[in-house]
Protein chains: 2
Amino acid sequence: MTSRQYNSVWFREPRKAASPGRSREEIVMAAVELLDAEGLAGLSMRKLGAKLSAGATSLYWYVAHKDELLELVYDEVWGEMMVPDPEVMGWRETCSVMSHSMRQVILRHPWSADLIGRMPALGPNALRVTDQMHKAFRLAGFTGLDIDYANSTLTAYVFGMTIPQVAWDAAAKDHDYDQDRLREFVAKAAAGYPELVERINAVDYDNPQVMREVSFDFGLVSVLDGLERRLGT
Amino acid sequence: MTSRQYNSVWFREPRKAASPGRSREEIVMAAVELLDAEGLAGLSMRKLGAKLSAGATSLYWYVAHKDELLELVYDEVWGEMMVPDPEVMGWRETCSVMSHSMRQVILRHPWSADLIGRMPALGPNALRVTDQMHKAFRLAGFTGLDIDYANSTLTAYVFGMTIPQVAWDAAAKDHDYDQDRLREFVAKAAAGYPELVERINAVDYDNPQVMREVSFDFGLVSVLDGLERRLGT
DNA sequence: ACCTGAACACCGTTCAAGT
DNA sequence: ACCTGAACACCGTTCAAGT
C-alpha cells in the first residue's frame, strides 16, 4: 500500500496563492460549492480546476491528492456546526442545540455523510467542536473516559440518524420525487413482514419532514436521558 | 437526471445463469469477496468480470448497473446480522445481541459503512432484520410510531458508532499501523484544546479494541436505558 | 438468449517541460 | 516558484456484432 508517514494536511502550512483563486482557502471553497451542486461524484480535479480557471493539475501544487482535499472540505463542514457555551446553556441544552446543528449541517451538505466513514475528523474545526462537547459533558458531571464515551454516544446517534436519511433523500431525488410510487414500493417490499405491514400505513407520507423531526427528537431525548442516568442522580 | 421509475432490483426476477459463475447469486458472492479484499474502491466491473472469467460487460446482462450490484451486496451484509427471537430473549437482550452483531458485521465488511449513506436498506434481509426488531420493541411495550422511533434510535446509535470507527481503521491501515506515530499525531493536533489535552493521555492506546468495546457498551446501555424510560415504567 | 470487444466519455496522478 | 499539457492506467456504460 501507500505506507506514507502520518503527515496530515493539517501539519503542512498551506502554500501561498500565486494567482487569484488559487489559495488553499479558495480551492476548498470552490470544492464545497461544487460538492453542494453536484455531490461527491460530481467533484473531479478536472472540474474543480476549470471552475478556478486553472489547469486540472495545477491544484496539485496546493494539495497532495484528492483525499487531502476531501479532508479539508470535511473539516469545513465541522466548521458550520454550532456549539453553545455549556457554561451558560447547561449541558443538556448544549447537547440538544449541537445535535440539531450537526444534523442540519449534514443535510445541507449531503456529500459529507459519505466522508464520515472515510476519514477521521481531525481538522481544527472538528477538534474545536469535540473540545466544546467534552467541556459540556465534564460540566454535566462525567469524569475520565466517561466524558469520551458520553460524547461518542451522542455523536454516534446524530450521525447514525442522519446518514441513512441522506441516502433516502438521494434515492427519492434520483427517482423523481414520486412520493406515491415510493410509498407503493415500500408497501410492496414490506409485504410478508407482519410487523412492518402493520405500521406502514401509520407513517405520514405527506409530512415526512415533520415525522423526521419528531423521530429525531424522540431519539435525542432518549439518548440524553440514558446518559443522564449514567450520572447516577 | 436519470428519472427512472422506482423499479428496484428487488422487483425484477434475477435472470438465470447461462454459464457457471454467472447467476446473480454468484456475481454477488464474487463481488463481496472482492470488496472484502480490496475495499469499495477496489470493486470495478472489469475486475469482477475477470474474477468470473467473463468479459467485463457480460455482467450487464444480470445487473442493470453498478449501483444495483451495490444494492445487492449491501443487503448481503444485512443477511449476516443476527436477531434473536425477542419472545424468548426479552427485548433488551434482543437489542443488545442485535447491536453487537450489527457492529461486527460492519467491521467485518468495512466497505458496507460507505453504503449506509448511499442507499436505503430495502432488501429482503434488511426488511427481515427490521421486522424482527419491530417485534422486539412491540413486545417491550412500545406502540404505534414509537416502535419505529425506538428502532431508528438504536440502529442510528450502532451505525453512528461503527461508521467512524471504520474510518479510523482505514486511516491507521493506510498509514502503516504505526500506533506511536498516530498517538503523537493526535496529541499534536489536540494541542491548544484544553479539554482534549486533559484526557488524551487517559486513552489506552495499547488496547484500542478493549476501549472500543467498553465505549460501545457504555453507549448501548445508555440508549437502552433512555428508550426504557420512554415506556414510563 | 447470452456474451463479446470496441468505443465513448470520463477519472486521478505523474512528470517533463515551460515561464 | 508556479503552472501547463501530454500521457498513463484506469473507470462505468453503450451498442453493434457475434453465437
Side-chain angles (χ1 to χ4, degrees), chain A residues 1-4 7 9 12-28 30-31 34-35 37-73 111 114-115 118-119 174, chain B residues 1-4 7 9 12-28 30-31 34-35 37-73 111 114-115 118-119 174:
Chain A
M1 291 285 165
T2 32
S3 170
R4 38 192 157 138
N7 252 338
V9 219
R12 282 202 318 280
E13 281 301 310
R15 278 169 158 160
K16 283 188 318 192
S19 323
R22 222 150 300 184
S23 62
R24 179 188 275 186
E25 202 179 316
E26 281 167 292
I27 292 174
V28 169
L34 203 50
L35 286 164
E38 310 193 25
L40 197 53
L43 173 71
S44 75
M45 299 304 273
R46 283 168 162 86
K47 277 199 227 165
L48 184 57
K51 195 182 168 80
L52 296 164
S53 17
T57 56
S58 310
L59 306 173
Y60 284 87
W61 180 256
Y62 300 95
V63 203
H65 37 248
K66 197 185 180 183
D67 269 7
E68 232 183 58
L69 178 62
L70 291 178
E71 281 189 71
L72 292 167
V73 294
W111 44 270
D114 271 337
L115 298 183
R118 188 116 101 219
M119 60 193 86
D174 212 39
Chain B
M1 292 283 165
T2 32
S3 168
R4 35 190 160 140
N7 252 338
V9 219
R12 283 202 317 278
E13 282 301 308
R15 279 170 157 159
K16 283 187 319 193
S19 323
R22 223 149 304 183
S23 62
R24 179 188 274 189
E25 203 180 315
E26 281 168 291
I27 291 174
V28 170
L34 203 49
L35 286 164
E38 309 194 24
L40 196 55
L43 173 72
S44 76
M45 301 303 272
R46 283 168 162 89
K47 277 198 227 168
L48 183 57
K51 194 182 168 84
L52 295 164
S53 18
T57 56
S58 310
L59 307 172
Y60 284 87
W61 180 255
Y62 300 95
V63 203
H65 37 248
K66 196 184 179 184
D67 269 7
E68 231 183 59
L69 179 62
L70 290 177
E71 281 189 71
L72 292 166
V73 295
W111 44 269
D114 272 337
L115 297 182
R118 188 115 100 218
M119 60 193 87
D174 212 39

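Residue numbering restarts at 1 for every chain, and letters A, B, ... go by the order of the sequence lines.
Residue contacts shown for B:Ser44 are limited to sugar-phosphate atoms, with no base heavy atom under 4.0 Å away. No engagement by B:Leu69 is indicated, since no non-hydrogen atom pair under 4.0 Å with the nucleic acid exists. Within the nucleic acid shown, B:Leu59 has no heavy atom closer than 4.0 Å to any nucleic acid atom.
Look at CG on B:Leu48: it is 15 Å from C1' on D:dT13, rounded to the nearest Å. Rounded to whole angstrom, the span from the CZ atom of A:Arg22 across to the C1' atom of D:dA1 amounts to 14 Å. Computed from coordinates, the A:Tyr60 OH to C:dT13 C1' distance equals 5 Å when rounded to whole Å. We find that NZ of A:Lys16 is positioned 17 Å from C1' of D:dC3, with the value rounded to whole Å. We find that CD of A:Glu38 is positioned 12 Å from P of C:dC10, with the value rounded to whole Å. As rounded to whole Å, 16 Å separates atom C1' of C:dC10 from atom CE of A:Met45. Summarising the geometry, the separation between CG on A:Asp67 and C1' on C:dC11 is reported as 14 Å, rounded to the nearest angstrom.
Between A:Tyr62 and the phosphate of D:dC3, there is a side-chain N or O to OP1/OP2 separation shorter than 4.0 Å. Put simply, B:Trp61 has a side-chain N or O that comes within less than 4.0 Å of OP1 or OP2 on C:dC2.
Base pairing annotation: D:dC10 forms no Watson-Crick or G-U wobble pair, as no partner gives both donor-acceptor distances under 3.5 Å. Judged by Watson-Crick or G-U wobble contacts below 3.5 Å, the nucleotide C:dC15 has D:dG5 as its partner.
Between B:Leu43 and B:Trp111 the shortest side-chain heavy-atom distance does not fall below 4.5 Å. Considering only heavy atoms from C-beta on, A:Leu115 comes within 4.5 Å of A:Val73 through its side chain.
Considering only side-chain atoms of B:Lys66, the nucleotide from C:dC3, D:dC3, D:dT13 that sits closest is D:dT13. Each of D:dT4, D:dC11, C:dT13 was ranked by its minimum atom distance to the side chain of B:Arg46; first place goes to D:dC11. Candidate nucleotides C:dT4, D:dC3, C:dC2 were compared by shortest atom distance to the side chain of A:Ser19, and D:dC3 ranks first.
Projected onto DNA chain C by closest heavy-atom contact, A:Lys47 and A:Ala64 fall at different nucleotides, the more 5' of which corresponds to A:Lys47. Along DNA chain D, the nucleotide closest to A:Ala54 and the one closest to B:Leu43 are compared, and the more 5′ of them pairs with A:Ala54.
No side-chain donor-acceptor contact under 3.5 Å links B:Lys66 to the backbone of B:Met45.
Taking CG of B:Leu59 as the reference point, atom CZ of B:Arg46 lies at 11.5 Å (rounded to 0.5 Å). Here A:Lys51 contributes atom NZ and A:Leu48 contributes atom CG; the two are 8.5 Å apart, rounded to the nearest 0.5 Å.
Remark: the A:Thr57 side chain and the C:dG12 base include no donor-acceptor N/O pair separated by less than 3.5 Å.
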